[in-house]
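This structure is a prediction, so every number in the text was calculated from the model and none was measured.
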Amino acid sequence: TFNLYMMDHIPRNELGRFEPIRVFFAAGSWSFGPWFGVYLQQQVAPWTPFAATALAILVMLGYFWFLRLTDNPAVAPAKRPPPNPLRYLPRFFAQPRLRLAWFLALGRSAWWAMYFVYAPIYCVTAGLGEEVGGLIVSLASASLFIVPLWGWVGRRYGLRRFLVAGYGLSGLASFAAAAAAGVPWLGAAALLGAAITTGTIDAAGNVPFLRAVHPLERAEMTTVFATYRDASQIAPPGVFALLLKVFELPAVFVAAGSAMLVVSYFARFLPKRL
């Protein structure tokens, strides 16, 4: 929904400047939420993180109801039913640039899905405690506050070079985290460093897709593109579960790093003018 709204209101040549700003303003909640949720669960009561989440959702829903009641044009009702993604799958994946944008987004999202689950698990199993597990996620999200700087770097040197370097460094940093896993605090620091490196990629956000999609197909192609989130939440945990039946936890970081190096290679096929 947000992607469609953004494409209707942000000119295509401004998307590269807008995405880092969007991520910057989202960084506050991503930084505060993970630590605060663990703190509430540990220090107040197990049900309080869920109550806080429910309250936030109700506030957001109430705000949108207010916009609808005041006929705010920002939430104008749709003029046609939402498209069915299954109808447009062949059309989407027949377009090389859309296919590549989906793959790049999948790699980035899958790495974060790995981090949000297995970095806290590492902290707990290494004896650092649950609050440190929440803190390491919050600190990683706080690195997104410097995304506007990375956005400037991407515009200065070209998004293709920037993403090739970003995915590649993320892969190497993930290997370093696996190598340091035997020393708890060093391993946690290495994981945080890998997250900060991966955070550079968020400066580009979904710009490869937003610049590639045809204006007349925005709604249809966006519904297909958004499936990268579902794929990143389903496929990687299955792979990691199989790995953990044979190897120790650092194997997850090695697998994630290897995947990012593969994605870095494919980022070379982005258009130079992006």
Same cluster (ILVMFWY, side-chain, under 4.5 Å), [X] and [Y]:
X	Y	result
V252	L192	yes
W112	I196	yes
L249	V137	yes
V246	I121	yes
Y122	V124	no

Other residues, nucleotides and ligands only: do more than 12 of their heavy atoms fall within 6.0 Å of CZ on F116?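 Counting neighbours around CZ of F116, more than 12 heavy atoms of other residues, nucleotides or ligands fall under 6.0 Å, so yes.
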Within 6.0 Å of CZ in F93, more than 12 heavy atoms from elsewhere: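 Correct, the count exceeds 12.
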Do [X] and [Y] have side chains that approach each other closer than 4.5 Å (heavy atoms only, starting at C-beta)?
X	Y	value
Q41	T48	no
L270	L104	yes
M221	F209	yes
L98	F103	no

Side chains of W102 and T227: any donor to acceptor distance under 3.5 Å?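 Short answer, yes.
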Take L169 and T200 through the test side chain to side chain contact (heavy atoms under 4.5 Å, CB included) and record every step on the way to the result. CA-CA 10 Å; L169 290 174; T200 63; over 6 Å; no
Where do E130 and Q42 land on the side chain to side chain donor-acceptor pair (under 3.5 Å) test, with the steps shown first? CA-CA 8 Å; E130 294 183 9; Q42 292 284 302; 2.4 Å; yes
Does Y167 have its ring centroid less than 6.0 Å away from the ring centroid of W111?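 Y167 vs W111: aromatic centres not under 6.0 Å.
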Show the numbers, then the answer: is there a side chain to side chain contact (heavy atoms under 4.5 Å, CB included) between L261 and F175? CA-CA 11 Å; L261 291 180; F175 290 153; 3.5 Å; yes
What are the two closest heavy atoms between [X] and [Y], and how far apart are they?
X	Y	value
P208	A101	C-CB, 3.9 Å
A180	L186	CB-CG, 3.8 Å
G37	P49	O-CG, 3.3 Å
P250	A178	O-CB, 3.6 Å
L40	A52	CD1-CB, 4.2 Å
A173	A194	CB-CA, 3.6 Å

Checking T198 against Y115 for the side chain to side chain contact (heavy atoms under 4.5 Å, CB included) test, could you report, in this order, the C-alpha distance in whole Å, the side-chain angles of both residues, the deciding distance, and whether it holds? CA-CA 10 Å; T198 307; Y115 184 86; over 6 Å; no
If you measure from [atom1] on [X] to [atom2] on [Y], what distance do you get to the nearest 0.5 Å?
X	Y	atom1	atom2	answer
M114	F253	CE	CZ	6.0 Å
D230	Q233	CG	CD	8.0 Å
T222	F92	OG1	CZ	8.5 Å
M260	T197	CE	OG1	9.5 Å
C123	L191	SG	CG	7.0 Å
I57	T53	CD1	OG1	6.5 Å

Using ring-ring contact (aromatic ring centres under 6.0 Å, His included), reason through F225 and Y228 one step at a time and then give a plain yes or no. CA-CA 6 Å; F225 176 73; Y228 79 84; 5.0 Å; yes
Output, in order, the C-alpha distance, side-chain angles, deciding distance and verdict of side chain to side chain contact (heavy atoms under 4.5 Å, CB included) for E131 and Q43. CA-CA 10 Å; E131 284 199 45; Q43 304 298 330; 2.9 Å; yes
Test log, rule ring-ring contact (aromatic ring centres under 6.0 Å, His included), inputs Y118 and F240: CA-CA 10 Å; Y118 291 99; F240 298 149; 5.5 Å; yes
Donor-acceptor pair, Q95 side chain versus R91 backbone, under 3.5 Å?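 The answer is yes, because a donor-acceptor pair under 3.5 Å joins these two groups.
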Side-chain (S264) to main-chain (V164) donor-acceptor, under 3.5 angstrom: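 Yes, S264 side chain to V164 backbone: donor-acceptor pair under 3.5 Å.
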Tell me whether the rings of F266 and F269 are parallel (<30°), tilted (30 to 60°) or perpendicular (>60°).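 Judged by the thresholds at 30° and 60°, the geometry between F266 and F269 is tilted.
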